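Comments concern the structure below.
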Amino acid sequence: MTDRQKLVEATGRDIKRLEIRERQPAGFVGMLFYGGTLGLLLVVPVVAGAYLGRWLDSLAAGYSVRWTVSLIVLGVLLGIYNVVRFIREKT
Amino acid sequence: MKTFYLELLDSRGADRFPAVRQFVAADASGSFGILAGHEPMVAVLRYGLARFEDDSGQWHYAAMSGGTLRFAGNRLTVATVQHFLGLERGTLLQQLSAEMARTESDIARARATLTEIEHSLLRHLGDLMDPASEGSLA
C-alpha cells in the first residue's frame with residue numbers, strides 16, 4: 001500500500017468514526033448536564049432578579065412590589081435569551 | 001474564548017490561522033485536543049484527519065500524512081509531508097481521493113516518459129555500437 005492510499009484510507013476511517021460519534025445519542029450523564037445547565041441558565045436570573053427586587057422594594061417607603069415584579073420579568077427574559085444562545089451555540 | 005496561532009506546514013507551503021479556539025488530532029496513543037494556553041508539547045501525528053475550530057466557530061478539517069506537532073508560546077506548528085484542508089468532511093475525502101488519483105496518474109506518466117527516454121537512449125547507444133550503421137551515422 002502506497003502512502004497516498006494509506007492517507008485516503010486513514011482519513012476515510014476517521015471521518016466515518018467522527019460521523020458515528022456525532023450521530024450517537026447523548027448518554028444519561030450528558031443529558032443530565034445539558035438539562036441542568038439549561039435549567040440553571042433560566043432560573044438563576046429569575047431568582048437573582050426576585051431577590052434584588054425584594055431588597056430594592058424593602059428600601060422604598062410603604063408597600064411596594066414594583067421592583068420585584070419588574071426584575072422577575074427581566075430575569076425571565078434574560079433567562080430565555082441565555083437558553084436560546086446556549087442552544088444555538090451547541091447546535 | 002481564548003485563541004492561539006496555528007501554522008500548518010507541508011512540502012508545498014504553509015497555511016496560517018491567527019485565531020484558533022481548539023485543535024483536535026491523533027497520535028499513536030489516540031485522539032487529543034489542544035486549547036489556548038496549553039503547556040508546551042510535542043507529538044508525532046498519525047495518518048488521518050485533524051480538525052480545528054477558528055474564532056468564528058467554523059470547523060476546518062485537514063487530512064494529514066502523519067507529521068509532527070509542536071505547541072509552545074500559544075503557537076501551534078504542524079509539519080507534514082502533505083496536508084489537505086477543507087471545510088466539509090464529505091467533500092474533503094472526495095477532493096483527497098481525486099488529488100491522490102491525479103498524483104498517481106502524474107507519477108505513472110512520468111515513469112512512462114522515463115522508460116521511453118531510457119529505451120530511446122539504449123536504441124541510440126546500440127546504433128552507435130553497431131559497426132553496420134557506422135556509414136549511415138556518418
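The chains referred to below are lettered A, B, ... by the order of the sequence lines, with proteins before strands, and numbering in each begins at 1. Quantities reported herein were computed from a predicted structural model and do not represent experimental measurements.
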Which distance, rounded to the nearest 0.5 Å, do you find between the [atom1] of [X] and the [atom2] of [Y]?
| X | Y | atom1 | atom2 | result |
| --- | --- | --- | --- | --- |
| B:L96 | A:L7 | CG | CG | 5.0 Å |
| A:R4 | B:S97 | CZ | OG | 13.0 Å |
| B:F84 | A:T11 | CZ | OG1 | 9.0 Å |
| B:S31 | A:R17 | OG | CZ | 8.5 Å |
| B:Q82 | A:D3 | CD | CG | 9.5 Å |

Enclosure of [X] [atom1] (heavy-atom neighbours >12, cutoff 6.0 Å):
| X | atom1 | value |
| --- | --- | --- |
| A:M31 | CE | no |
| B:E88 | CD | no |
| B:Q58 | CD | yes |
| A:Y81 | OH | no |
| B:W59 | CH2 | yes |
| A:Y51 | OH | no |
| A:R88 | CZ | no |
| A:E22 | CD | yes |

State, to 0.1 Å, how close A:L18 and B:R89 come at their nearest heavy-atom pair, and which atoms those are.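 A:L18 and B:R89 have their closest heavy atoms at CD2-NH1, 3.3 Å.
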Top of B:M64, B:E99, B:M100 for chain A proximity - count of heavy-atom pairs under 4.5 angstrom: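 Counting heavy-atom pairs under 4.5 Å, the top option is B:M100.
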Using a 4.5 Å heavy-atom cutoff, which residues in residues 102-113 of chain B come close to chain A?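 So the qualifying residues are B:T103, B:E104, B:I107.
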Under the salt bridge (charged side-chain N to carboxylate O under 4.0 Å, His left out) rule, what do B:R46 and A:D14 come out as? Steps first, then yes or no, please. CA-CA 11 Å; B:R46 66 160 171 76; A:D14 282 351; 3.1 Å; yes
According to a 4.5 Å side-chain heavy-atom criterion applied to Ile, Leu, Val, Met, Phe, Trp and Tyr, with indirect links allowed, do B:Y61 and B:L87 form part of one hydrophobic cluster?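 Looking at the clustering, B:L87 is in a separate group from B:Y61.
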Going hydrophobic residue to hydrophobic residue with side-chain gaps under 4.5 angstrom, can you get from B:L49 over to B:F17?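 No.
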